[in-house]
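The figures here come from the full heavy-atom set of this structure, side chains too, leaving out hydrogens, waters and symmetry mates. Everything quoted here is computed from the prediction, not taken from an experiment.
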Amino acid sequence: MAKLFRKSELPHYRSTRDTRDRLDLVKPDGPVAGKAIAADRIIYHPGDSAAKHYHKDSYHLFYILDGEGWIFVDEGSHRLTPGMVAAVKPDEVHWFKNVSRENFKFVEFWAPPPGETVWVTDDC
């Protein structure tokens, strides 16, 4: 039988840099343990942004749920809207920004879960 979780039963974090909101869905050491994949639900509120970073040896996928935002990679930037998927390969520097007046919400997946996140800038 499937195990159901309430939002309150999953680890929930707020950024120390801005108002970003993360709900851990699948983590190696979480209530829903995953060894081959990890997943979070992320909300960027208006004006929120992430610092430049990359994940060692891990593919990173983002499925956009609601709102719109921007992903930045070395090759440039891309506007993301609901239903889109963005894929970042291992060791590829990336970051996000919400320049809209609404929340920008997505689910992110890592395969395999990242062993290390490297922050390129120190404003995380």
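- Atom OH of Tyr54 sits about 12.5 Å away from atom CD of Glu92, to the nearest 0.5 Å.
- The two residues Leu10 and Leu25 come nearest to each other via the heavy atoms CD1-CD2, 4.1 Å.
- Between Glu68 and Asn98, every side-chain heavy-atom pair lies at or beyond the 4.5 Å cut-off.
- Under a hydrophobic-cluster definition in which Ile, Leu, Val, Met, Phe, Trp and Tyr are linked whenever side-chain heavy atoms come within less than 4.5 Å, directly or via other members, Tyr13 and Ile42 are assigned to different clusters.
- In this structure, OG in Ser77 is found 5.0 Å from CH2 in Trp70, a value given to the nearest 0.5 Å.
- In this pair, His94 and His60 present their aromatic rings perpendicular. The plane angle is above 60°, beyond the 30 to 60° band.
- At least one side-chain heavy atom of Tyr59 sits less than 4.5 Å from a side-chain heavy atom of Lys89.
- Residues satisfying the ring pair (Phe, Tyr, Trp, His ring centres under 6.0 Å) test with Phe106, not counting sequence neighbours, are Tyr44, Phe62, Phe96, Phe104.
- To the nearest 0.5 angstrom, Ile71 atom CD1 is 15.0 Å from Lys97 atom NZ.
- In the hydrophobic cluster analysis, where Ile, Leu, Val, Met, Phe, Trp and Tyr join through side-chain heavy atoms closer than 4.5 angstrom, Val26 is grouped together with Val85.
- Val88 and Leu61 are not part of a single hydrophobic cluster, where members link through side-chain heavy atoms under 4.5 Å apart.
- Between atom CE of residue Met84 and atom CD1 of residue Ile64 there is a gap of 7.5 Å, rounded to the nearest 0.5 Å.
- Distance check, rounded to the nearest 0.5 Å: CG of Asp29 to NZ of Lys35 gives 9.0 Å.
- Between Ser58 and Ala111 the shortest heavy-atom distance is OG-N, 3.8 Å.
- His55 and Trp110 have their aromatic ring centers within a separation under 6.0 angstrom.
- In this structure, Asp24 does not pair ionically with Arg41, as no charged nitrogen and carboxylate oxygen lie closer than 4.0 Å.
- In plain terms, the two heavy atoms of Pro28 and Ala33 that are nearest each other are O-CB, 3.6 Å.
- No side-chain heavy atom of Arg22 sits under 4.5 Å from any side-chain heavy atom of His12.
- Across every non-hydrogen atom of Pro82 and Leu65, the tightest pair is CB-O, 3.7 Å.
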Working for side chain to side chain contact (heavy atoms under 4.5 Å, CB included), residues Lys7 and Leu23:
CA-CA 8 Å; Lys7 179 180 170 183; Leu23 182 68; 4.0 Å; yes
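- Nearest heavy atoms, Arg20 versus Asp48: N-OD2, 3.1 Å.
- Contacts of Asn103 classified as side chain to side chain contact (heavy atoms under 4.5 Å, CB included), with partners at least two apart in sequence or in another chain: Ile43, His45, Pro46.
- Remark: Lys3 qualifies as a cation-pi partner of Phe5 under the 6.0 Å distance and 45° angle criteria applied to the six-membered ring.
- When all heavy atoms of Trp95 and Ala51 are compared, the closest pair comes out as CB-O, 3.6 Å.
- Applying the side chain to side chain donor-acceptor pair (under 3.5 Å) criterion to Lys27, with sequence neighbours excluded, gives Asp40.
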